[in-house]
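The structure displayed is predicted, hence computed values, not measured ones.
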Amino acid sequence: MSHSLTDILPAPELDLLSPMFTQQGETWTADFRGLKLRTALQPIYSISHKRTVGYEALIRAFDNDNAAVLPNHLFELPDTDAENLLLDRLCRYLHIRNYSGVKDQLNWLFLNVSPRVVTSGSRSDSFFGALLKKTGLPPHRIVMEIVEQPTDDAERLRDTVAYYRKLGCLTAIDDFGAGHSNFERIWNLSPDIVKLDRTLLTRATDDQRARQILNGMVSLLHQSGCLVLLEGVETRDQAMIAIDAGVDFVQGFYFRRPCLELGELPHTPADLEELLQEYKKRKQITQDPTQQLVNYFNGPFRRAIERLQDGSLMSQACFELLNHPVVSRCYLADDKGIQIEDTLVSDSAIENRDPRFRPLENTTSADWFRQQYLRQALAQPENLHVTTPYLCVTGAYMCVTLSLAYEHKGRLQVLCCDILANPHQTP
């Protein structure tokens, strides 16, 4: 296709693109700038369903010697917006034509759409509606992926997403969590699916804090009404991180590389059953220490409460607890969650206080009702409760909190005790 032709035809239609296709057996290829374009499909798995639920379509380019050309080099070839639009539509046409021939009448096809095309093309992509009608592929089986990047025309982007949704397609934000991406795009576009960038997973592989951020991000996206897909899963450990993060879908080399032989797709294997069994075993192992913590401190905790009920001072009642090397502080709250007395801090915690967080140390009359451990204790008096590790607001260190509600002078009070989640950290 010459440059002049694409300059004259800014919105190439189906009949213009059709001569660029060649059928080879049951698959199609396309020609662009002397390169042969082929469709590769990579499976996307639902963790809960333990099976494939879709495929991402990826373009693969080859020169006259059948040597592979990097996708980045392919997409650098267009010199004009018109030619960029042509290449984008050519790829989508090729993918849908090939996927229509796959013996799969259920799963999704994930298609990438260039933001440059979205924001510089026609206001509504009538080409795509005509393409679906021509190939007979139902729009509800298409997920349109939009790469997360800045755009000068957010309104046009919203209109385009609305158009695909009106067609009956699902929409997805791709590469979320990389570079500039933020939740404003999620609120503005309300995608059905958010694909997390693989850099989040790479960081979570080596950094526990990054893993907690990943888990929190997945939770926020779910609360925003989005399904979450984690791409770039390359190892078994990363697959376990994805499962633990609570994502809905996974994709990556660990499960299956992109496949050019489209006839092999129905036989794509996955070991999600085995992974889930391993996850259950790991969670059981990590939960056991928590129960051991409850069992270990149950005696000292109840003895402290007996002393408080007998009228002992807080410092006397909690002496045994505060002398334990992993205990950082003890405090009392009333049935409204308001702290009754000053916090008692262990000697080791006092010695290792971080002066940067001194503004947070005084908790007199602090209100802890928002904390789950406080509400849980009030809802189930006489039961010793324990939290999962969290960041303690009074010192910015990771801890777990033991809490138990008991009756004192006709009203409930809650004794709380913070324990270092990592005994080697500095509170």
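Of the residues listed (Lys280, Arg282, Lys281), the one engaging Glu278 in a side chain to side chain donor-acceptor pair (under 3.5 Å) is Arg282, and it is the only one. Partner of Gln251 under the side chain to side chain donor-acceptor pair (under 3.5 Å) criterion, chosen from Lys195, Arg198, Arg256: Lys195.
Phe127 is listed as a side-chain neighbour of Leu17, based on a closest heavy-atom distance under 4.5 Å. The closest side-chain heavy-atom distance from Leu275 to Phe255 is below 4.5 Å. Two residues are said to be in side-chain contact when any heavy atoms from C-beta on lie closer than 4.5 Å; Val113 and Glu145 fail this criterion. Residues Leu196 and Val228 have side chains in contact (heavy-atom distance under 4.5 Å, counting atoms from C-beta outward). A heavy-atom distance below 4.5 Å is found between the side chains of Leu200 and Met217. Looking at Phe128 and Tyr164, their side chains come closer than 4.5 Å, going by heavy atoms from C-beta outward. Two residues are said to be in side-chain contact when any heavy atoms from C-beta on lie closer than 4.5 Å; Arg158 and Asn188 meet this criterion. Counting heavy atoms from C-beta on, the side chains of Leu58 and Gln42 come closer than 4.5 Å.
Between the side chains of Gln339 and Ser365, no donor-acceptor pair is found at a separation under 3.5 Å. Gln376 and Asn383 share no donor-acceptor pair across their side chains, judged by distance under 3.5 Å alone. With no hydrogens or angles considered, no side-chain donor-acceptor pair links Thr363 and Thr394 at under 3.5 Å. Side-chain atoms of Thr235 and Asp237 form no donor-acceptor pair, as typed in the model, at a separation below 3.5 Å. In this model, a donor atom of one side chain and an acceptor atom of the other lie less than 3.5 Å apart for Thr39 and His95. A side-chain N or O of Thr171 and one of Arg165 form a donor-acceptor pair less than 3.5 Å apart. Defined by atom type and a distance below 3.5 Å, a donor-acceptor pair is present between the side-chain atoms of Glu273 and Gln277.
Between the Ser328 side chain and the Asp418 main chain, a donor and an acceptor come within less than 3.5 Å of each other. No donor-acceptor pair closer than 3.5 Å links the side chain of Arg211 to the backbone N or O of Asp244. Counting only distance, with no hydrogens or angles, the side chain of Arg51 and the backbone of Tyr45 share no donor-acceptor pair below 3.5 Å. A donor-acceptor contact shorter than 3.5 Å is absent between the side chain of Asn298 and the backbone of Val294.
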Any chance you could lay out the side-chain contact (heavy atoms from CB on, under 4.5 Å) test for Ser100 and Asn98, step after step, and finish with the verdict?
CA-CA 5 Å; Ser100 299; Asn98 279 320; over 6 Å; no
Verdict with reasoning, Asn362 to Thr343, per side-chain contact (heavy atoms from CB on, under 4.5 Å)
CA-CA 8 Å; Asn362 189 338; Thr343 297; over 6 Å; no
The test is side-chain contact (heavy atoms from CB on, under 4.5 Å); show your working for Phe301 and Leu402 and say whether it passes.
CA-CA 9 Å; Phe301 216 88; Leu402 294 168; 3.7 Å; yes
Quick one, Val250 with Ile243, criterion side-chain contact (heavy atoms from CB on, under 4.5 Å). Give me CA distance, side-chain angles, the key distance, then yes/no.
CA-CA 9 Å; Val250 286; Ile243 292 173; over 6 Å; no
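Interatomic distance, Phe253 CZ to Glu234 CD, rounded to the nearest 0.5 Å: 6.0 Å. For the atom pair OG1 of Thr29 and CG of Leu35, the computed distance is 12.0 Å after rounding to the nearest 0.5 Å. Taking CD1 from Ile146 and CG from Leu189, the interatomic distance works out to 6.5 Å, rounded to the nearest 0.5 Å. To the nearest 0.5 angstrom, Leu415 atom CG is 7.0 Å from Leu321 atom CG. Between the CD1 atom in Ile59 and the SG atom in Cys91 there is a gap of 4.0 Å [rounded to 0.5 Å]. Here the CD1 atom belonging to Ile96 is positioned 4.5 Å from the CD1 atom belonging to Ile142, to the nearest 0.5 angstrom.
Between Tyr93 and Phe21, a ring centre-to-centre spacing shorter than 6.0 Å is recorded. Ring pair Phe110/Phe249: centre-to-centre distance not below 6.0 Å. Centroid-to-centroid, the aromatic rings of Trp368 and Tyr373 stay 6.0 Å apart or farther.
Residue pairs meeting the side-chain hydrogen bond (donor to acceptor under 3.5 Å, both in side chains) criterion with at least one member in residues 214-230, sequence neighbours excluded: Ser219-Gln223, His222-Asp248.
Cys417 approaches Cys330 most closely through the heavy-atom pair SG-SG, 3.9 Å. Residue Leu131 comes nearest to Leu14 through the heavy atom pair CD1-CD2, 3.8 Å, listed as atom of the first residue, atom of the second, then distance. Here the closest non-hydrogen pair linking Leu201 and Glu231 is CD2-O, 4.2 Å. Looking at every heavy atom in both residues, Ile186 comes nearest to Pro191 through O-CD, 3.6 Å. Of all heavy-atom pairs between Cys399 and Thr401, the closest is SG-OG1, 4.1 Å. For the pair Phe32 and Pro78, the tightest heavy-atom approach, listed with the atom from each and the gap, is CZ-CG, 4.3 Å.
For the pair Arg92 and Asp88, the salt-bridge criterion is met [side-chain N within less than 4.0 Å of a carboxylate O]. Ion pair Arg33/Asp63 not flagged as a salt bridge, since none of the NZ, NE, NH1 or NH2 atoms sits closer than 4.0 Å to an Asp/Glu carboxylate oxygen. Between Asp271 and Arg236, at least one side-chain nitrogen of the basic residue sits less than 4.0 Å from a carboxylate oxygen of the acidic one, meeting the salt-bridge criterion. In this structure, Asp334 does not pair ionically with Lys336, as no charged nitrogen and carboxylate oxygen lie closer than 4.0 Å.
Residue-environment remark: CD (Gln372) stays at or below the threshold of 12 foreign heavy atoms within 6.0 Å. Shown here is Asn64, whose CG atom has no more than 12 heavy atoms of other residues, nucleotides or ligands within 6.0 Å. Heavy atoms of other residues, nucleotides or ligands lying less than 6.0 angstrom from CZ of Arg209 number 12 at most. Counting heavy-atom neighbours within 6.0 Å of Glu184 CD, excluding the residue itself, gives a total of 12 or less. Sparse packing is recorded around CZ of Arg203, with 12 or fewer heavy atoms of other residues, nucleotides or ligands lying under 6.0 Å away.
Applying the ring pair (Phe, Tyr, Trp, His ring centres under 6.0 Å) rule to Phe297 yields the partners His324; only residues at least two apart in sequence or on another chain are considered. With sequence neighbours excluded, no residue forms a salt bridge (charged side-chain N to carboxylate O under 4.0 Å, His left out) with Arg97.
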